[in-house]
Q: 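Below are the structure tokens for one structure; questions will follow.
Both backbone and side-chain heavy atoms feed into the values below; hydrogens, waters and symmetry mates do not.
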Amino acid sequence: LKVYSNGEINYKLKGIYAKASVIWNYQAPEGTGDTHYSIMRGSKCNIEIKQGKEEAYKPTLYVESTGVELESFTANLEKAISNDLNKLYPGISLVKKGDNVWTVVIPDKYKIGHEAHFGQVTEKYLRYLKDGSMPEWEVPNMIVKYYTTTEAMKVAMK
């Protein structure tokens, strides 16, 4: 069975460097399960999702300030969490982990788990399939995602 499931793509999109890599192991390490790591680098901070041993294999969201005036960054981050996000998701909070690093604490009531989330995604997909359309905002995202991955596959096969 040929399955192209592991790989890495390094590319530049509108002058911004991007990288995506996926490793699907046959079996997760003992005591774990699926793990995830993601980082989005910005001009003021990095947003990072870790799910390793240090996080007890639970997805954890970190915010790291990068070279901006720390006092105003901290005030803006705290305001964004306490005022803006808490209106949508009551109970979200910040815990300072270092001089310029915070953990975004997400209450358990918002954590549905991998399998339940997969079910939600499947239900949405089946609804789109039945309706014969997707939300307008999703179309350009899908085009970019599948164009990028299929073009990367073509390059990898050369």
Q: Using modelled atom types and a 3.5 Å cut-off, is there a donor and acceptor pairing between side-chain atoms of N46 and backbone atoms of E64?
A: no

Q: Determine the minimum heavy-atom distance between P90 and P107, stating which atoms define it.
A: O-CG, 4.0 Å

Q: Under a plain distance cut-off of 3.5 Å, with no hydrogens placed, do E69 and S72 share a side-chain donor-acceptor pair?
A: yes

Q: Look at atom NZ of K96 and say whether more than 12 heavy atoms of other residues, nucleotides or ligands are closer to it than 6.0 Å.
A: yes

Q: T66 and G42: which non-hydrogen atoms are nearest, and at how many Å?
A: OG1-O, 3.9 Å

Q: Looking at L126, I'd like to know if its CG atom is crowded, meaning that more than 12 non-hydrogen atoms belonging to other residues, nucleotides or ligands lie closer than 6.0 Å.
A: yes

Q: Walk me through whether I106 and K111 qualify under side chain to side chain contact (heavy atoms under 4.5 Å, CB included).
A: CA-CA 8 Å; I106 301 169; K111 298 177 183 178; 4.1 Å; yes

Q: V63 and F73: side chain to side chain contact (heavy atoms under 4.5 Å, CB included), yes or no, with the steps?
A: CA-CA 11 Å; V63 178; F73 178 85; 4.0 Å; yes

Q: If you count every heavy atom of other residues, nucleotides or ligands that lies below 6.0 Å from I23 atom CD1, does the total exceed 12?
A: no

Q: Who pairs with K154 by salt bridge (Lys or Arg N to Asp or Glu O under 4.0 Å), at least two apart in sequence or on another chain?
A: E151

Q: Calculate, to the nearest 0.5 Å, the distance between atoms NZ and CG belonging to K124 and L129 respectively.
A: 15.5 Å

Q: Rounded at 0.5 Å granularity, tell me how far CD1 in I9 sits from OG1 in T149.
A: 6.0 Å

Q: Centre of Y62's six-membered ring, under 6.0 Å away, within 45 degrees of the axis: is that where NZ or CZ of K50 sits?
A: yes

Q: Measuring from atom CD1 of I39 to atom CZ of R41, what distance do you get when rounded to the nearest 0.5 angstrom?
A: 4.0 Å

Q: Minimum heavy-atom separation for Q51 to P59, with atom names?
A: CG-N, 3.6 Å

Q: Let me confirm one number: the CD1-CD distance from I143 to E138, rounded to the nearest 0.5 Å.
A: 10.5 Å

Q: In terms of hydrophobic clusters joined by side-chain contacts under 4.5 Å, are I49 and Y57 together?
A: no

Q: Can you say whether the rings of Y89 and Y110 are parallel (under 30°), tilted (30 to 60°) or perpendicular (over 60°)?
A: perpendicular

Q: Looking at E136, I'd like to know if its CD atom is crowded, meaning that more than 12 non-hydrogen atoms belonging to other residues, nucleotides or ligands lie closer than 6.0 Å.
A: no

Q: Here's a test for you: under side-chain contact (heavy atoms from CB on, under 4.5 Å), which of L85, I92, L77, I47 qualifies with V104?
A: I92

Q: For a quick check under 3.5 Å, do Y128 and E123 share a side-chain donor-acceptor pair by atom type?
A: no

Q: Please check if the number of heavy atoms outside K130 that lie under 6.0 Å from its NZ is greater than 12.
A: no

Q: After noting the C-alpha distance and the side-chain angles of Y17 and N10, does the key distance pass the side chain to side chain contact (heavy atoms under 4.5 Å, CB included) rule?
A: CA-CA 7 Å; Y17 288 94; N10 296 281; over 6 Å; no

Q: Determine whether more than 12 heavy atoms belonging to other residues, nucleotides or ligands lie under 6.0 Å from atom OH of Y37.
A: yes

Q: Any link between L94 and M40 through a network of hydrophobic side chains (Ile, Leu, Val, Met, Phe, Trp, Tyr) touching at under 4.5 Å?
A: yes

Q: Does any part of the side chain of M153, heavy atoms only, come nearer than 4.5 Å to the side chain of M157, both counted from C-beta?
A: yes

Q: Check the side chains of N76 and E78 for a donor-acceptor pair under 3.5 angstrom, ignoring hydrogens and angles.
A: no

Q: Using the test side chain to side chain contact (heavy atoms under 4.5 Å, CB included), find all partners of D131 that sit at least two apart in sequence or belong to another chain.
A: R127, S133

Q: I'd like to check L70 versus N100 (side-chain heavy atoms, cut-off strictly below 4.5 Å). Are they in contact?
A: yes

Q: Please evaluate residues M134 and V139 with respect to the criterion side chain to side chain contact (heavy atoms under 4.5 Å, CB included), reporting the C-alpha separation (whole Å), side-chain torsions for both, the decisive distance (0.1 Å), and the verdict.
A: CA-CA 7 Å; M134 296 188 317; V139 174; 4.0 Å; yes

Q: First locate atom CD of E48, then atom OG1 of T103, and finally report the distance between them rounded to the nearest 0.5 Å.
A: 10.5 Å

